[in-house]
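Written below as structure tokens is the structure these notes are about.
Ligands are counted one by one from 1 in listed order, and the atoms in each one are counted from 1 as well. Heads up: numbering here begins at 1 and tracks the sequence. Worth knowing before you read on, the calculation uses all heavy atoms, side chains too, and leaves out hydrogens, waters and symmetry mates.
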Amino acid sequence: MSNVFFDGKKEVSNGRPQIFVDQAGYFPESRKTAVLPFPADMFSIVDENGEKYFEGAVSHFGYDECSGDDVYIADFSSFKRSGSYRISAGGALSALFRIGHGVYSKLFRDTAKAFYYFRCGCSLDEKYAGEYIHDICHTAEAKIYNGEGTVDVTGGWHDAGDYGRYVTPGACACAQLLYAYKLFPKAFDGLDLNIPESGSGVPDILSECRYELEWMLKMQREDGAVYHKITTMRHAPFIMPEDDKEQLIVFPISSMATADLCAVCALAAGIYRPFDKVFSDRLAKAADLSYRWLKANPDFVAFHNPKGCDTGLYGESSDVDNRYWAAAEMFVLTGDKRYSADFVKLYHEGFDRDDYVRVALGYSVIGGLGSLAYILCDHEGRENAVANALKEQFSNEAYWLRDKSKASGYGASMEDWDYYWGSNMVLLQHAMKFILAAKFTGNSEFYGYIEEQIHVLLGRNPLGISYVTGTGEYRCENPHYRIEESIPGLVIGGPNRERNDPAAVSLIPEGTPPMKCFTDNKDCYSLNEVTIYWNSPAVFVLAYLTGYADNSGSL
Ligand code: 9MR
Ligand code: ZN
């Protein structure tokens with residue numbers, strides 16, 4: 001890659017562009033803006049040979065709290081010609097970006113394919129993995145913590161930069177992918193991920209999800225309760241997965257894991273039914289078994305890491321949202337009004353003043369998936385008043401996020417406190433909420449804000465960096481990931497004003513504005529890690545953008 005900005009160095013401050021654009025690009029008909037953190041009168045659009053195509057006036061947005069920048073905007077919405085360009089103003093240039101109909105297509109495929117690279121319990125072979133091969137990993141039986149014997153819980157996706165496998169984030173990621181398929185099937189038509197199951201007649205995204213679901217089914221105990229996680233006692237050092245030979249341990253059950261497994265299996269049972277009746281029945285049976293356990297065990301069963309264990313906690317302080325989601329999916333699957341009654345009871349009594357739980361999309365607070373299930377279902381016996389109230393709640397949430405996006409110089413629907421560990425998940429889930437609100441209300445105003453969030457993720461941000469590996473001229477290249485840094489399509493955690501790791505504390509000065517609390521450094525696991533549930537909302541949003549937005553704009 002030869003260009004004036006990207007010199008292969010890792011530091012954010014090194015050679016970065018000074019005008020910030022979405023480095024994947026913009027749809028021709030969409031609103032298109034670049035951000036300048038310095039004053040200028042005019043800007044122009046130039047192509048790679050320096051030829052000028054467009055000139056426009058720069059406008060002053062004003063001071064932007066989350067970045068600490070005095071922001072200027074170059075709006076080139078009226079320029080619709082497909083091609084590759086840079087913005088030039090005041091002697092500075094932007095990174096390269098495209099205008100065109102397919103600007104997110106490769107990215108969509110990359111983010112969906114990324115799940116294959118997270119696979120555990122199999123080897124990744126050259127035919128599918130290219131240069132990112134590794135041997136079969138984590139195949140030993142796992143010891144049951146504080147119990148007798150061992151159990152086979154092989155398979156599934158590694159969670160993140162570590163090799164743990166955890167049920168609640170796994171269920172969240174899988175469900176978001178399944179909903180992407182359910183809502184935007186056209187986007188997955190013919191989407192060839194080049195995975196071992198490709199060509200089987202089942203959409204690749206469903207085959208990929210099945211890999212996770214098959215593992216999750218093994219995490220279910222005979223009585224329906226579900227183990228919270230399977231990991232080693234401590235995080236592995238930076239070694240390849242096949243070299244991680246420490247004793248695997250299956251940790252105690254939790255009611256969150258049980259409810260989430262129930263919910264995602266019920267959701268999946270409906271989706272796989274036309275493709276594989278036997279698998280669908282297995283899923284439905286598992287969901288039913290876990291639901292029975294939940295009914296027989298109404299108390300919250302929390303999860304705590306035992307002494308000496310430092311792998312992910314994924315602890316939660318309530319399981320009501322998980323049970324709410326499970327009830328909704330069971331109602332969708334079976335049409336049995338008893339589940340609707342359970343759901344409606346929790347809707348009224350479960351959340352007290354914590355209204356946001358009903359629109360939260362996970363991993364930890366996940367009531368929004370229950371609401372989504374209930375809204376989408378058309379069974380007789382659904383309480384329409386509840387479904388309508390939930391639609392309205394999604395709509396109110398979207399108005400609130402719209403106002404935040406308008407107030408941000410970068411168009412991010414975020415406030416300073418949103419920039420915590422995994423803030424790109426927050427950003428992407430906001431894009432999901434704009435999609436859902438547009439779908440439920442028909443309010444087309446929300447569409448534009450979906451793209452605004454994607455632009456922030458892909459480089460129109462105060463560091464001018466694309467937070468997805470493999471996309472953009474100036475992009476993250478050093479994820480906190482044990483396997484292979486250069487795998488494309490991995491969504492990076494993102495700016496985190498809390499700087500929850502020692503390297504981030506030492507590299508990022510106290511008082512740095514939230515949106516700038518990031519550096520592309522492998523050691524900074526609270527900034528630079530990757531996870532399955534940061535990728536899944538990206539797939540959801542990109543499925544909408546590639547399959548729908550650019551064609552008709554309607555859902
Ligand atoms: O994504 C999780 C983040 O929200 C929490 O603040 C953080 C600390 O508990 O943990 C993150 O999850 C990590 C998990 O515990 C282990 N696998 C890697 C995850 C991403 O960093
Ligand atoms: Zn593994």
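Each of Asn478, Asp520, Asn521 was checked for a side-chain hydrogen bond (donor to acceptor under 3.5 Å, both in side chains) with Asn528, and the lone residue meeting it is Asp520.
Figure legend: cation-pi geometry between Lys229 and Tyr166 absent, as NZ or CZ is not positioned both under 6.0 Å from the six-membered ring centre and within 45° of its axis. The side-chain tip of Arg402 does not point at the ring of Phe446 from less than 6.0 angstrom away and within 45° of straight on.
With respect to the salt-bridge test (charged N to carboxylate O, under 4.0 angstrom), the residues Glu214 and Arg282 qualify. Contact check on Asp22 versus Arg460 returns no salt bridge, with no Lys/Arg side-chain nitrogen under 4.0 Å from an Asp/Glu carboxylate oxygen.
Counting the atoms of ligand 1 from 1 in the order shown, those under 4.0 Å from a heavy atom of Tyr533 are 1 (O), 2 (C), 11 (C), 12 (O), 19 (C), 20 (C). Every atom of ligand 1 with a heavy atom of Ala160 under 4.0 Å away is listed here by number and element: 17 (N), 18 (C). The atoms of ligand 1 that sit less than 4.0 Å from any heavy atom of Asp159 are 16 (C), 17 (N), 18 (C), 19 (C). Using a 4.0 Å cut-off to heavy atoms of Asp162, the atoms of ligand 1 that qualify are 16 (C), 17 (N), 18 (C). The ligand atoms of ligand 1 that sit less than 4.0 angstrom from a heavy atom of Thr531 are 20 (C).
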Could you please spell out the steps behind the side chain to side chain donor-acceptor pair (under 3.5 Å) verdict for Ser405 and Ser413? CA-CA 4 Å; Ser405 178; Ser413 54; 5.7 Å; no
Candidate pair Tyr314 and Asp159, rule side chain to side chain donor-acceptor pair (under 3.5 Å), full reasoning: CA-CA 11 Å; Tyr314 291 119; Asp159 179 58; 2.6 Å; yes
Side chain to side chain donor-acceptor pair (under 3.5 Å) assessment of Tyr347 paired with Ser371: CA-CA 9 Å; Tyr347 167 85; Ser371 303; over 6 Å; no
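The protein heavy-atom contact nearest to atom 14 (C) of ligand 1 is Tyr314 OH, 3.3 Å. Ranking the protein heavy atoms by distance from atom 15 (O) of ligand 1 puts Gly312 CA, 3.2 Å first.
Residue Glu529 has at least one nitrogen or oxygen atom sitting less than 3.5 Å from a nitrogen or oxygen atom of ligand 1, judged on distance alone. Residue Trp421 has at least one N or O atom closer than 3.5 Å to an N or O atom of ligand 1. In terms of N/O distances under 3.5 Å, ligand 1 is not approached by Trp534. The shortest N/O to N/O separation between Tyr363 and ligand 1 falls below 3.5 Å.
Side-chain atoms of Glu141 do not come within 3.5 Å of backbone N or O of Gly149 as any donor-acceptor pair.
Residue His138 approaches the Zn ion (ligand 2) most closely through its N/O/S atom ND1.
For atom 9 (O) of ligand 1, no protein heavy-atom neighbour is found at a distance under 4.0 Å.
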